[in-house]
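Single-structure report; data block below.
Since this is a predicted model, take the numbers as computed values, not measurements.
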2 protein chains.
Amino acid sequence: MKEGPDIALIGSLIGDPARANMLTALMGGQALTPTELAAQAGITLQTASSHLAKLEAGGLLTQRKQGRHRYYALSEDEVGLMLESLMGFAAGRGLTRSRPGPKDPALRRARVCYNHLAGDYGVRMLDSLIAARHIEITGEDDLALTDAGRVRVESLGIDYAALRKSRRPICRTCLDWSERRSHLAGSLGEALLTLFIDKDWAKREKNSRAVRFTAAGEKVFLELFPR
Amino acid sequence: MKEGPDIALIGSLIGDPARANMLTALMGGQALTPTELAAQAGITLQTASSHLAKLEAGGLLTQRKQGRHRYYALSEDEVGLMLESLMGFAAGRGLTRSRPGPKDPALRRARVCYNHLAGDYGVRMLDSLIAARHIEITGEDDLALTDAGRVRVESLGIDYAALRKSRRPICRTCLDWSERRSHLAGSLGEALLTLFIDKDWAKREKNSRAVRFTAAGEKVFLELFPR
DNA sequence: TTCATACTTCGATGGTAATCGAAGTATGAT
DNA sequence: ATCATACTTCGATTACCATCGAAGTATGAA
């Protein structure tokens with residue numbers, strides 16, 4: 001009767017609307033303070049504080065103190081992947097909180113998925129990298145950077161050696177809820193998004209997961225990652 | 001603030017212990033009656049009935065009436081995949097309901113994942129099929145049966161034409177919570193498990209997700225799918 | 001028909017947890 | 001020092017919902 005992992009605990013943590021709102025906000029990738037998260041969830045700071053303690057105890061979030069601020073973020077890539085999978089199911093069921101608004105197309109086009117690029121652009125990037133044989137499919141879910149790929153990302157200005165050092169996987173797939181296909185996660189996925197932002201090719205919109213490409217940035221991106 | 005799919009609803013459905021127990025029981029793949037599910041969850045029939053109505057309304061379960069019995073089952077493959085992903089995360093956090101008991105090794109070895117084979121044996125089977133080039137990796141998560149693979153499964157007695165007819169994907173990956181690697185889902189995954197049972201190579205244990213191979217069946221299986 | 005089984009619906013109860021006001025702690029600014 | 005900001009903890013309230021007894025419906029058996 002009682003075998004296997006306890007999904008009820010995780011489910012109940014995600015199951016509260018206020019907490020779900022906070023988690024969704026944190027899928028934007030930026031670490032946020034309790035005050036910001038309270039605003040996102042539409043609750044008071046006291047309530048938010050209590051929720052955040054529970055999410056942290058449940059292992060979904062980590063906390064970083066900085067002066068009188070506390071920054072909360074998803075604790076690891078796994079959490080983002082799990083949430084994205086839940087969103088995929090919910091979206092398939094037509095369970096959207098706000099009816100598809102004007103922002104929706106922007107989200108489907110390019111958005112932040114915890115720390116990497118998702119949406120049409122994210123899927124396109126991975127497809128393009130695979131087609132160019134810069135990324136190789138080595139297993140069912142396993143991706144690897146090829147030698148050519150290493151040269152390629154280094155030429156873009158990414159510090160490949162640094163990526164190798166961390167214990168996190170460099171390449172990883174993440175299922176996209178809007179496209180229902182995979183895009184690139186892992187430390188390389190993160191590094192690429194950071195690169196786009198740093199080079200001013202794209203900007204994160206405030207209080208949204210949407211990523212807006214600049215006119216110049218979009219041109220470069222589409223040339224770098226042809227369909 | 002409110003963008004993206006509503007994960008709170010799904011989360012809260014999974015978040016109740018009684019419902020989580022029922023869902024876990026249904027991961028065994030067999031359709032079960034409210035009476036059976038109530039027993040699994042340790043609640044009365046009335047309570048179970050109310051839970052089942054909610055799970056059905058939420059799209060997680062479907063119901064089939066047969067005489068005075070009602071059989072509940074997971075509504076689609078997607079649900080099983082989502083639950084398995086939640087279990088993966090929970091297991092990674094060490095959140096097991098019963099401390100690893102004697103049944104645990106059997107579960108890790110071979111178990112039913114909704115309608116296909118999971119655990120060490122499930123992972124081994126997919127690895128072996130890929131190594132033999134009977135299944136091909138065509139995209140990030142996409143698998144395809146090769147021509148040689150089609151011949152192979154037909155020689156085992158699987159009706160390939162029937163698989164093609166259904167709208168479900170034939171091959172599909174599913175992340176294994178115990179092995180943390182992928183195994184084969186989709187209609188072919190289901191057909192293979194059914195085959196093993198039909199040929200008496202393996203039996204489902206009652207009230208458990210565990211799959212027990214017979215001595216003869218294990219021999220055949222290991223030969224069919226070498227490491 | 002009559003009885004039994006399987007299940008749902010209704011209604012009442014109780015417990016849990018989300019919520020927020022108020023008070024307490026910690027860090028930083030002036 | 002004093003004040004302000006950021007956040008937590010405590011306590012009380014409230015609202016929801018899981019639970020089950022009791023009654024109602026449906027199917028099958030005798």
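Counting heavy atoms from C-beta outward, Asp200(B) and Thr214(B) have side chains that stay 4.5 Å or more apart. Side-chain contact between Arg111(B) and Met27(B) is absent, with no heavy atoms from C-beta onward closer than 4.5 Å. Counting heavy atoms from C-beta outward, Met22(A) and Leu32(A) have side chains that stay 4.5 Å or more apart.
Atom OH of Tyr71(A) is separated from atom C1' of dA6(D) by 11 Å (rounded to the nearest Å). dG28(C) atom C1' lies 9 Å from atom NE2 of His69(A), rounded to whole Å. Rounded to whole angstrom, the span from the CZ atom of Arg64(B) across to the C1' atom of dC7(C) amounts to 17 Å. Between Leu37(A) atom CG and dA18(C) atom P there is a gap of 16 Å when expressed in whole angstrom units.
For the residue pair Glu218(B) and Tyr121(B), a side-chain donor N or O sits within less than 3.5 Å of a side-chain acceptor on the partner.
Each of Lys65(A) and Arg68(B) has a nearest nucleotide on DNA chain C; the 5'-most of these lies closest to Arg68(B).
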Considering only distance and modelled atom types, tabulate donor-acceptor pairs under 3.5 Å from the side chains of residues 50-57 of chain A, sequence neighbours left out.
from, atom 1, to, atom 2, distance (Å)
His51(A), ND1, Arg19(A), NH1, 3.1

If the sugar-phosphate is the primed atoms plus P, OP1 and OP2 and the base is the rest, what is the B/S/- string for nucleotides 8-18 of chain D, using protein heavy atoms under 4.0 Å? BB--------S
Stepwise, does the salt bridge (Lys or Arg N to Asp or Glu O under 4.0 Å) test hold for Arg172(A) with Glu84(A)? CA-CA 14 Å; Arg172(A) 177 152 208 177; Glu84(A) 188 83 1; over 6 Å; no
